[in-house]
Each structure stands twice: as structure tokens, then as C-alpha cells.
Amino acid sequence: MPEEKPTLLLIDGHSLAFRAFYALPVDSFVTRDGQHTNAIHGFISMLLNLLQQQKPTHLAVAFDISRYSFRTREYAEYKGTRGETPPEFVGQVPLLEEALHAMNIRTLSKEDFEADDILATLATRGAAEGYRVLVVSGDRDTIQLVDDDVTLLYPNVRGVSELKTYDTDAVIERYGIRPEQYPEIAALVGETSDNLPGVDKVGEKTAVKWIQQYGTVEELLAHADAITGVVGQNLRDQQDRVVRNRRLNRLVRDVELPYGPADLEREAIDPTAVRAVFDRLQFRTLLDRVFKIEGAAADAGLVDAEAGESTAISAPVVRTMIDEELAKWLQTQSKDGTLPLGLRIATVGGQVEGFGIASLTESAWVPWAPGRPDYTALEQWLASDAPKYLHDAKRQLKTLHSAGLELAGVAGDTALSAWLLRPGNKADSLGGLVYYYLGETLPEPDPSQLVPETEALNPATEAWYLVRLQAELDARLDPGSLSVQHDIEVPLVPVLARMELQGITVSADVLGELNSRLGTQAAEIAQRAYAEIGREVNLGSPKQLQEVLFDQLGMPKTRSNKTGYSTDAQALADLQEQHPHPFLELLLQHRDATKIRQIVETLQTAIGQDARIHTTYEQTGSATGRISSNDPNLQNIPVKTEVGREVRSAFLAGEGFETLLTADYSQIEMRIMAHLSEDEGLIEAFRSGEDLHRFVGARIFGVAPADVTPTMRTKVKAMSYGLAYGLSAFGLSKQLRIEVAEARELMADYFARFGAVREYLRGVVEQARVDGYTTTIFGRRRPFSDLGSTNRVLRENAERQALNSPIQGSAADIIKRAMLTIDAEIRAAGLASRMLLQVHDELVFEVAPGEREALTGIVTAGMAGAAELSVPLDVQLGTGPNWDAAAH
DNA sequence: ATACCTACGTA
DNA sequence: CGTACGTAGGTATA
């Protein structure tokens, strides 16, 4: 049996992407950031189909470099009729190329040539070298490439999901001429899309007839005199066109290229890179398809040996053990408590069922039944400082706590490491990380099935994966991130766990009273609002409000959003100015009342048996390094309004405690900016002890600090804060309701006095563009991929994020360091007082009787000393029976 | 039921 | 056309 020919697949990237662009609805393929992806999606989808159906052994995609080539030099009007490329298409091609590179697919382009010339060259060489060649292009000129070894796949009108196959026979059937004769026909007929006019009155029928008779254009023109009638005259008159067309539509088959067919062997994809790119493009189903096809390719032996080797390690056999055997095993495997072991806790219905423990070479399953006496070894090891690797350690710690078990020695948390590597991504499961970083698939039972088909992995084997995964993650982390991991994030795990377990006492009575009062109020306001418009509507429905405001009341249109026109507070306030109406005021009041009421209700249902609310902190919840709070969110409890503060007053010092203590950093982000920018003016402002905004205002407006008016101070304050967010003059003008020109002037004045700030902010973005990431004072990184984007919206969004990240992230580092110190000192001093909440720049404590002074000292020192900046860290303290009263 | 959008609370 | 979050209700899809 003859050996099968290798298959060389050659794709015209631009033409296929363009076809896909028009085949798929633009609006259905947009990322959350506004990047259009329909062309990329269509292209990759088509590509995956081809990989699956044709199983190419060799593969390349060719792109045009620009719309200019030797053809436009020869004939300037070539392709001149083509309109502007749609803006939604621009920018998709570089991303497509990136995706292809991640899939380890070669892309080719050549200055002065079109993609089709590259295809022609490779097809010719491929056929000569014994390949079965498949050419995919939407350009009819490529028909000339078809022969016994070369087949053309051409997208039909419906787009790129179905490709029509043209081999020699199919071409003859369709056009009545041999493939190599197609350009002769095209030269006569002309090609509108390339702006190549043909002979007037000559269509496909006539051209085919002539070529069937004469074979080539050259022959035909030699016998042009023999052609009668108007078309014959036209041919003679316009033979220049024909000659030119024929010259231009001949594809070049000997372009000099860096690769020959043999260099285009299909390679294994880079799973990490593919996931990164596809994540960014928000391609979920395509990602699955890529990995599925890739898996099949690996089975078929197409993937090179190197990629195969890394998956060759197999899990150790799980041994079940308890008590003395376990004690000995733990000691050996951990080298007397010095070597980290993976730890996985198995639970059923929240009850601990057992423990999987593993080193790199051995794994053990330890079944757990509470109350049995023979667990000393296990309990000792768990509670000891012997290092352990876990996934989502905080959750495990809390689970164990509820089972009455203590856990210490958390030395690594794969969820944290993964977040430090890619802080913008949402938390992944252990299985997800193993798949991503180790390229192996863990069986995960389908939670929707009562009797799962796939049996879950033994926790002991999961623990073994933890050890491998932690090593892989550590290897990928840079030194700065490693120190953040080691010095901040990992030690913070038990601290946050304790805060969550402690919770904070909340008065159900205060909330209940507030709820009913707001309820009555909201109902009254609603009635009055209905009276104003003569009917009842759902005031909480933006859609119904739009009807009332813009149709019924005929108000001027506000700024538009995806579902119509905005009815948010800002828009309503603007409306009230232009077109005052009592309904607007009532609506705003109703919003206020119901919003606070909704918060109150959420809190009420969150109060536990212990009269306390236990939030959950998400340590991997933000891209900058902040922690977030959920279920319920205690980081957005109202404070700005009077009723808002009533909510705060429901948060109390618990039974047996004297008072609440709040401690916050004042203007920490501005201080960090002063430190990072080394701006002398700003540094002096903080060292002077003068009110920051007053100081800055005095400099900007050229008056004495005492003469800074409240208006001036407000403007300065808005600008100072806005700077750290990448605020524009436009944005500042909107916020302060002043002219753009005035805002611009204000900013100019600011930078004239505090020039180093501007230089710093500019430098951050520039550096990030070079490095691909930003860094905080303590070494935390945040990667950015869109700083070089040609899409302005994407790029400028990324720039503002990059500008803000070192500032917000450093502030997060600092308060986390303070929390670690304070927690350690409270425990070292044996105080009963405890840290309860963190709200980004504020900490809330519960003070035990008689400990106020000691605690105050620890907190102040811990917070002020959390970083050595070129300006002091100012800490404000306050105490009181409730959170509102404890504010200062 | 689920996914998206708008709106809005905090730092 | 200002960063970072979480939650809830309405609405349109399945």
C-alpha cells in the first residue's frame, strides 16, 4: 500500500477573515471591552473545521502586508474601487494573527506581494515536493493554481462555514475551461472588485468560447482580426486592457519566502497562550473546540514528541492510612515538617469526609470520622507549622474550623498564585488550573447528575496535583510577585479567615426600624409621583420611566445607552435643570429611599444566629490587589448621606466588648502618588501638615492657604483624585459642571506646579507599554495586553488602568501589610480585641474592655509603619458604640 | 432558570 | 471621555 501523501493547507488570511466579517453579524461578536471579533471568530471556526476534516500535516496562513503591492505600482488603480475598510474590521487582523501564533500556526507575508502570490509559491513547491495541497481563498484568481495535486476551497456566498471544493474537474464543469485558463477568461471579462475593466460586452460566455478556441489571450489577440461584430471591434480597441489584466492576474509562483512546505509542519498549540488570547477575545466554545481537536491530533501522533513528554508523569498509587502509619508517613514525606505537602479536604454536604495528602512521589487518603480517638497524628500535623499547599486555603480553613479542627502552616495556595500570575482573571478551580498550567485533565463530576458518570479524582491524587501545580506556578512567578505571595498574600489567608469567622454584630432592631420607616416613606413618595403623572408605573423600571419622561412628559432626550435613554441620577439632575418637573424630584427621592432600604434588607437577612454578619472576603477578587467583600458586601455600606449613616449605626460592638475602633489612612493614594512621582511640591504638601487640598489650591490659584475658598478646594480635590484615575479635562468639566476650557486650564495650572506628577503618570504608561505590566511598590504585577492596540477605546482604557494600578495596588499592599502586623501583635500581646472589617483604606476593630490604649498603639503603629514612603502615612482613629459613631 | 443591562452603594 | 468592586431589580432570552 502506498504511503499517504502529506497534506499542505494554505490559507489566504485576509480574504477569509474579510469573508467571515461579512458573513457574521458584527454586533453579535463584541467583547465587553468593545472589541469586534466576528471576523476572528468566523475564521477560527472555519480553520477548526478544516483541521478536523482535512487533517493537514502542514499548514500556513498568508496575509497581505498592505493594500499596496507590485500590482498597484504597475497599475495605480488596481483594487482602487475598494472602499474604506470598515472600522470594525480594522484591528481584528492583528488579533487573528496573535491567535494563530498561539496555536503555533505559521503566518507569512511579503512586502510588495499579495497573499495569493505566497499561496501560489507554496502550492507550486508543495505539489512538486509530493504534497496534497489545499488552497483556501476567496479570490477567484487562485483558480489558476488548481491541478492534480492542488485543490481550491472557495467560500460560497453564505460565508465561510461551507467551502466549495474545486479540483480540475469541478473547474471544468463550472467554467468550461481548464484551471490554468481561468486567468485568460478573467482578463477578458475583467474583475470589478480589483478595478480591472475587461472588454466591453464580453462576458463569461464569450470569453470561454474564445479561449476554448484559441487557448490563450495571446493567441486570441494574434487572431483578433478574425473576430467579427461589435465584440470583435471592442477586443481590438481594448486589447491593452486585456494584456494588462492578464499580466496582473498571473500569480507569482516564485516569491522568496523564509519557509518552504517542509517547514510548515503542524505543531502542538501553546495551551497557555491559546487560553490567554481566547480569553481576551471571550471565545469559550472555540476554546473547547481547539483543545478537543488538539487532543485528537496528539492521539494521531501529529504532535511532536517534546509536548508529549511533559504529560508522561503518572500519579502515585493512593494509600489509605491512619494513626501511627500516617504519623510515620507524614514525618518521612515532609522531611520532619520542612517539605511542603499538598492537602486536599474532602467534604460531603459540608461535613469533612477525609483528607488527601501528598508529596511529589507519594499520596495518602485519610478517612475522617469525628470523635474517633486515633487521629492524633493527623490533628497535630494539621495544627502544626509544617508547610502545606492548598487550593483556596481560606475556604478549607473555615471548613475545618466548623469541624473543630485547627489548620496552620499554609505555605502556598494555588488559587492565590494563579491570581498573582493573572490577576485580571476570575478564580479558576483546581481542575481548571491543572488543565491550564499542566495540560492535564482532571475528571470532574458533573454536578447536575445525581449519580455522576465520571468518578471524581481521589483527593489524595488531587493533593499530588497541588504539589506539582504549586511548583509550576512558583516557577512562573517573577521575584517581585513571589515576595508578594510569600510576605503578604499567603500569610493574610488565616487573618482574613479569622475576620470572617468573627463577623460583626448588627442590630436587627435598628435595621428593622429603618426598613419600615423607609418603606412607608417610599410608598408615600411613590403615590405622590403617580399623582404627578396621573398613572402608576414601576418606578424601578428604566424602561417604563423612559415612557413617562420622554413620551408622556416630552422631556429632552438624555444621553443614550443600550436600551434607550439614560434615567440615572446624573441624567435626572440634568433634566431637572433644563425641564423642571416635580416628578423628577420625587423619582430621585424614591430611588434614594428604596436603594437604602434594599441594602438594609440584604443586611437583615445576613444576620446570623450569633447576631453577627459574616462577610466573605475575596482575596483574588480584584485585578489591582485589593480584596473584595461579598455575601454580603460590607465594603459598600452607605456613609455619604444622613440615612446612609443610620445604616452604619446598626453595626455595633458585640456583647462583652467595650467599643468599636475605626482606623483609616487619610489620602493614602495621593501620598503614594507623591512618593512614586517624587514631586517636591506634593511631598512638601504632606510634610507641611497643612490640609492637602488647601495647600494645593493655594499653589494653583496663587493665594494664601487661608484664602482658598470652598469652591476652589472642591475643584482641586476633584482634580487631585481624578488624576490617579486618568481623568480627562472633559471628564473634569462634567464632574464640576464647568467649561471644558476652564477644566483644561485648571489641569494646566496643576501640572505647572506639580509637574513631576505628570511625568510620573506618563512614565507609568510608557513603561507598561514596554514591559507589558505595571508593578506596585512591593512588587505586585498586573499585566496589560491592550496598551498597543490600534483600537483607541481599548488602548485608552488600558492606559487609564495602567496609570491607576500601581497607585491603587500599592495602597492595597500597604493596608494588607498593616493587617498582618496588627493581627500578629494583637495575638502576641494576648489581647481579646480583634480586627473585624477591612474597607480598602479603613480597618474596623472590636475593643475588649480595658484594651483600648494597647490596641490603639498597635493599630497606629501597624498602619503608619506599613511602608516607608517619602511622606508620612497619616492614620485617623475613632471610637464609638457603633460604626457611625466611631467615625471621626 | 439564566444572562444581560441599568443603576448605585463604597474606596 | 475616571479606577476598583458587588448587588438587586427589570427585562429579554432559553
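Letters A, B, ... are given to chains in the order of the sequence lines, protein chains preceding strands, and every chain is numbered from 1. The basis for the numbers below is simple: all heavy atoms, side chains too, and nothing from hydrogens, waters or symmetry mates.
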Any donor-acceptor N/O pair under 3.5 Å between C:dG9 base and A:Gln598 side chain =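 No pair found.
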
Quick one: stems involving DNA chain C, counted as three or more successive Watson-Crick or G-U pairs, both distances short of 3.5 Å.
->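 When the pairs of DNA chain C are grouped into runs of at least three, the stems are B:1-11 with C:3-13.
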
[X] [atom1] to [N] [atom2], straight-line distance once rounded to whole Å:
| X | N | atom1 | atom2 | answer |
| --- | --- | --- | --- | --- |
| A:Gln546 | B:dC5 | CD | C1' | 12 Å |
| A:His590 | C:dA8 | NE2 | P | 18 Å |
| A:Asp631 | C:dT7 | CG | P | 7 Å |
| A:Tyr617 | C:dC5 | OH | P | 17 Å |
| A:Leu587 | B:dT6 | CG | P | 17 Å |
| A:Lys562 | B:dA3 | NZ | P | 17 Å |
| A:Ile814 | C:dA4 | CD1 | C1' | 16 Å |
| A:Leu603 | C:dT7 | CG | P | 11 Å |

Not counting sequence neighbours, which residues clear ring-ring contact (aromatic ring centres under 6.0 Å, His included) with [X]? List them please.
| X | result |
| --- | --- |
| A:Tyr565 | A:Phe550 |
| A:Phe730 | none |
| A:Phe651 | A:Trp883 |
| A:His693 | A:Tyr721 |

Looking at [X], I'd like to know whether one of its side-chain N or O atoms comes within less than 4.0 Å of OP1 or OP2 on [N].
| X | N | value |
| --- | --- | --- |
| A:Asn797 | C:dG2 | no |
| A:Thr602 | C:dA8 | yes |
| A:Ser728 | C:dG2 | yes |
| A:Thr624 | C:dA4 | no |

Every protein N/O lying under 3.5 Å from an N/O of nucleotides 10-14 of chain C:
from: C:dG10; atom 1: OP1; to: A:Asn538; atom 2: ND2; distance (Å): 2.9
from: C:dG10; atom 1: O3'; to: A:Ser541; atom 2: OG; distance (Å): 3.2
from: C:dT11; atom 1: OP1; to: A:Ser541; atom 2: OG; distance (Å): 2.4
from: C:dA12; atom 1: OP1; to: A:Lys543; atom 2: NZ; distance (Å): 3.3

State whether a side-chain donor-acceptor pair under 3.5 Å links [X] with [Y].
| X | Y | value |
| --- | --- | --- |
| A:Thr774 | A:Arg782 | no |
| A:Arg612 | A:Thr505 | yes |
| A:Gln552 | A:Arg535 | yes |

Within the 4.0 Å heavy-atom criterion, would you say [X] contacts the bases, only the backbone, or no part of the nucleic acid?
| X | value |
| --- | --- |
| A:Arg559 | nothing |
| A:Ala811 | nothing |
| A:Ser805 | nothing |

Is the closest basic N to carboxylate O distance between A:Asp392 and A:Arg395 below 4.0 Å?
->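 Yes, this pair counts.
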
Salt bridge between A:Asp568 and A:Arg559, side-chain N to carboxylate O under 4.0 Å?
->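 Answer for the salt bridge query: yes.
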
In residues 752-772 of chain A, which residues come under 4.0 Å of DNA chain C by heavy atom?
->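 Residues of residues 752-772 of chain A under 4.0 Å from DNA chain C: none.
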
Show every donor-acceptor pair shorter than 3.5 Å between a side-chain atom in residues 754-761 of chain A and any protein atom, with sequence neighbours excluded, or say none if there are none.
from: A:Glu759; atom 1: OE2; to: A:Arg762; atom 2: NH2; distance (Å): 3.2

All N/O contacts under 3.5 Å from nucleotides 8-11 of chain B to the protein, with atom names and distances to one decimal?
from: B:dC8; atom 1: OP1; to: A:Arg591; atom 2: NH1; distance (Å): 3.0
from: B:dC8; atom 1: OP2; to: A:Ala569; atom 2: N; distance (Å): 3.0
from: B:dC8; atom 1: O2; to: A:Lys595; atom 2: NZ; distance (Å): 3.4
from: B:dG9; atom 1: N2; to: A:Asn636; atom 2: ND2; distance (Å): 3.4
from: B:dG9; atom 1: N3; to: A:Asn636; atom 2: ND2; distance (Å): 3.1
from: B:dT10; atom 1: OP1; to: A:Val639; atom 2: N; distance (Å): 2.8
from: B:dT10; atom 1: OP1; to: A:Lys640; atom 2: N; distance (Å): 2.9
from: B:dA11; atom 1: O3'; to: A:Val839; atom 2: O; distance (Å): 3.4
from: B:dA11; atom 1: O3'; to: A:Asp841; atom 2: N; distance (Å): 3.2
from: B:dA11; atom 1: O3'; to: A:Asp841; atom 2: OD1; distance (Å): 2.8
from: B:dA11; atom 1: O3'; to: A:Asp841; atom 2: OD2; distance (Å): 3.2
from: B:dA11; atom 1: N3; to: A:Arg626; atom 2: NH1; distance (Å): 3.0
from: B:dA11; atom 1: N3; to: A:Arg626; atom 2: NH2; distance (Å): 3.3

Got a sec, which residues hit side-chain hydrogen bond (donor to acceptor under 3.5 Å, both in side chains) with A:Glu513, two or more places apart in sequence or on another chain?
->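 So A:Glu513 forms a side-chain hydrogen bond (donor to acceptor under 3.5 Å, both in side chains) with A:Arg517.
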
Do any pairs count as a side chain to side chain donor-acceptor pair (under 3.5 Å) and have a residue in residues 737-747 of chain A, sequence neighbours left out, and if so which ones?
->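 For residues 737-747 of chain A, and leaving out neighbouring residues, the side chain to side chain donor-acceptor pair (under 3.5 Å) pairs sorted by first residue read A:Asp574-A:Arg737, A:Glu577-A:Arg737, A:Lys715-A:Glu742.
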
How many angstroms lie between atom CG of A:Leu539 and atom CG of A:Leu588, to the nearest 0.5 angstrom?
->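 Nearest 0.5 Å value for the CG-CG distance: 11.0 Å.
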
Would you give the length of the straight line joining atom CD of A:Gln808 to atom CZ of A:Arg626, rounded to the nearest 0.5 angstrom?
->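 Reported to 0.5 Å precision, the distance equals 4.0 Å.
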
Would you please name every residue forming a salt bridge (charged side-chain N to carboxylate O under 4.0 Å, His left out) with A:Arg648, sequence neighbours left out?
->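 Partners of A:Arg648 under the salt bridge (charged side-chain N to carboxylate O under 4.0 Å, His left out) test: none.
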
